[in-house]
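First comes the structure, then the notes that go with it.
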Amino acid sequence: FLAAIAGCGVFLSFPNGGGNELPVLEWVALVPLLLAIRHREPKGAFFLGLLTGFVTNLGGFYWISDLLLDFGHLPGWLAWLLCGLNALYQGLVFALFASGVSLFHRRFQIPLAIAAPVAFVVAESLVPLIFPWYFANGQYTFTAIIQIVEILGLTGLTFLLVLVNVTVYRWVESRLDGTAPPYRLVQVCGGLFVMA
C-alpha cells in the first residue's frame, strides 16, 4: 500500500495536460516508499520499488494504450498489456533505487541522507527509458528551484528532491520510533534548499 501511494504521489506531481499537477507532492512522494522498505532486505525492497515505479509510470503513461489502440489498431487487451509492460520496465528505476537504499544503508551502514540520493541518481542513469523522463522534471513550474539545473543538471535537482524526501522520512521515523528528531539533517537539507 505504501509503495503504491508513493507511485501515486510521483505521477500526480507531473504535468498531466490539464494543469492539475501538484509538484509539491514530489518533495514528499518517496516517504511512503522509504517507510515500506525500512526493514527490508535488498530483494524485498526491489519489488516494493518496482511497484512504486509501475504505479508511477502507469499513471504517467496510461495514454500509450490509447496510442496503440488508435494508431496501432491493436486489440484493447494487447494495448493495455504493452502499456503495462512499459510501466513495469520503466519502473526499474525505482526498483534499483529501493534495493540500492537497502543495500547501502542497511548492509553497509552508509547514512541514508547520502545513500538514497546517490542511489536514485545512479538508478536514473542506469536504466535506458523508452519514454525518457527524470524525477526532477516534475519541478518545471518551480522556477526558483530549477535554476540550479543550469549548474548541476537534472541530477543535482533530483539529488536535492530525494534528500528532502529522506529528511521528511527521518522525521517521521523518529516519531514512530520515539527517537530524537534529526535536527542536524533538517538544518543541512534546509540550508541546501535555500542555497539552491
Side-chain angles (χ1 to χ4, degrees), residues 2-14 21-38 40 42 45-46 48-57 60 90-127 129 132-142 144-149 151-174 182 184-196:
L2 288 170
I5 290 295
C8 290
V10 175
F11 85 74
L12 288 173
S13 67
F14 274 76
E21 64 269 7
L22 301 165
V24 69
L25 282 178
E26 204 169 20
W27 296 93
V28 295
L30 297 178
V31 173
L33 176 60
L34 292 169
L35 285 167
I37 67 171
R38 74 182 188 138
R40 302 279 181 167
F46 179 90
L48 287 170
L50 188 60
L51 176 58
T52 297
F54 176 76
V55 171
T56 294
N57 284 280
Q90 296 207 159
L92 286 173
V93 170
F94 289 86
L96 292 175
F97 160 68
S99 60
V101 167
S102 177
L103 180 68
F104 296 122
H105 179 60
R106 294 192 74 234
R107 282 205 187 157
F108 298 120
Q109 303 300 311
I110 295 173
L112 190 61
I114 295 169
V118 169
F120 205 102
V121 167
V122 169
E124 273 193 331
S125 67
L126 287 178
V127 181
L129 300 179
W133 68 278
Y134 297 92
F135 193 64
N137 291 151
Q139 298 304 304
Y140 82 102
T141 58
F142 189 178
I145 204 73
I146 62 173
Q147 301 309 307
I148 67 166
V149 172
I151 300 165
L152 300 175
L154 285 171
T155 49
L157 183 52
T158 294
F159 190 96
L160 181 61
L161 278 161
V162 177
L163 180 61
V164 170
N165 274 274
V166 167
T167 304
V168 174
Y169 160 75
R170 293 292 304 215
W171 192 276
V172 171
E173 184 184 46
S174 73
R184 185 176 184 120
L185 180 58
V186 170
Q187 291 169 343
V188 169
C189 185
L192 290 173
F193 183 85
V194 170
M195 283 172 49

Which pair of non-hydrogen atoms, one from [X] and one from [Y], has the smallest distance, and what is that distance?
| X | Y | answer |
| --- | --- | --- |
| Ser102 | Ala45 | CB-CB, 3.8 Å |
| Val166 | Pro117 | CG2-CD, 4.5 Å |
| Ala3 | Thr52 | O-OG1, 2.8 Å |
| Ala98 | Gly49 | CB-CA, 3.8 Å |
| Thr141 | Pro23 | OG1-CG, 3.5 Å |

Between [X] and [Y], is any pair of side-chain heavy atoms under 4.5 Å apart?
| X | Y | value |
| --- | --- | --- |
| Leu2 | Leu33 | no |
| Ile114 | Phe104 | no |
| Leu30 | Phe94 | yes |
| Phe46 | Leu92 | yes |

Original post:
In Å, rounded to the nearest 0.5 Å, how long is the span from CG of Asn137 to CZ of Phe14?
Top reply: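 The distance works out to 5.5 Å.
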Please tabulate, for the side chains in residues 156-164, all donor-acceptor contacts under 3.5 angstrom to protein atoms that are two or more places apart in sequence or on a different chain.
residue : atom : partner : partner atom : Å
Thr158  : OG1  : Ala136  : N            : 3.4
Thr158  : OG1  : Leu154  : O            : 3.1

Can you list everything that forms a side-chain contact (heavy atoms from CB on, under 4.5 Å) with [X]? Sequence neighbours excluded, please.
| X | result |
| --- | --- |
| Phe54 | Leu58, Ala87, Leu88 |
| Ala29 | Val10 |
| Tyr169 | Val31, Leu34, Leu35, Arg38, Leu112, Glu173 |
| Val55 | Ala4, Cys8, Phe11, Leu51 |

**OP:** Would you list the pairs meeting salt bridge (Lys or Arg N to Asp or Glu O under 4.0 Å) in which at least one residue belongs to residues 108-119, sequence neighbours left out?
**Re:** none
Original post:
Judged by atom type as modelled, is there a donor-acceptor pair below 3.5 Å linking the side chain of His105 to the main-chain atoms of Ile110?
Top reply: yes
Subject >> Pair Asn57-Trp133, side chain to side chain contact (heavy atoms under 4.5 Å, CB included): steps then yes or no >> reply: CA-CA 10 Å; Asn57 284 280; Trp133 68 278; 3.1 Å; yes
Between side-chain atoms of residues 118-126 and protein atoms elsewhere (two or more places apart, or another chain), which donor-acceptor pairs fall under 3.5 Å?
residue : atom : partner : partner atom : Å
Glu124  : OE2  : Phe135  : N            : 2.6
Ser125  : OG   : Val122  : O            : 2.8

Subject >> Set of residues satisfying side chain to side chain donor-acceptor pair (under 3.5 Å) with respect to Glu26, sequence neighbours excluded >> reply: Gln139
Original post:
Residues two or more places apart in sequence or in another chain: which of them pass side chain to side chain donor-acceptor pair (under 3.5 Å) with Arg106?
Top reply: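 If we apply the side chain to side chain donor-acceptor pair (under 3.5 Å) test to Arg106, skipping adjacent residues, the hits are Glu41.
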Original post:
For Arg184, what residues pass the salt bridge (charged side-chain N to carboxylate O under 4.0 Å, His left out) criterion, not counting sequence neighbours?
Top reply: none
Can you give me every donor-acceptor pair (side chain of residues 185-196, partner residue at least two apart or in another chain, under 3.5 Å) with its distance?
none

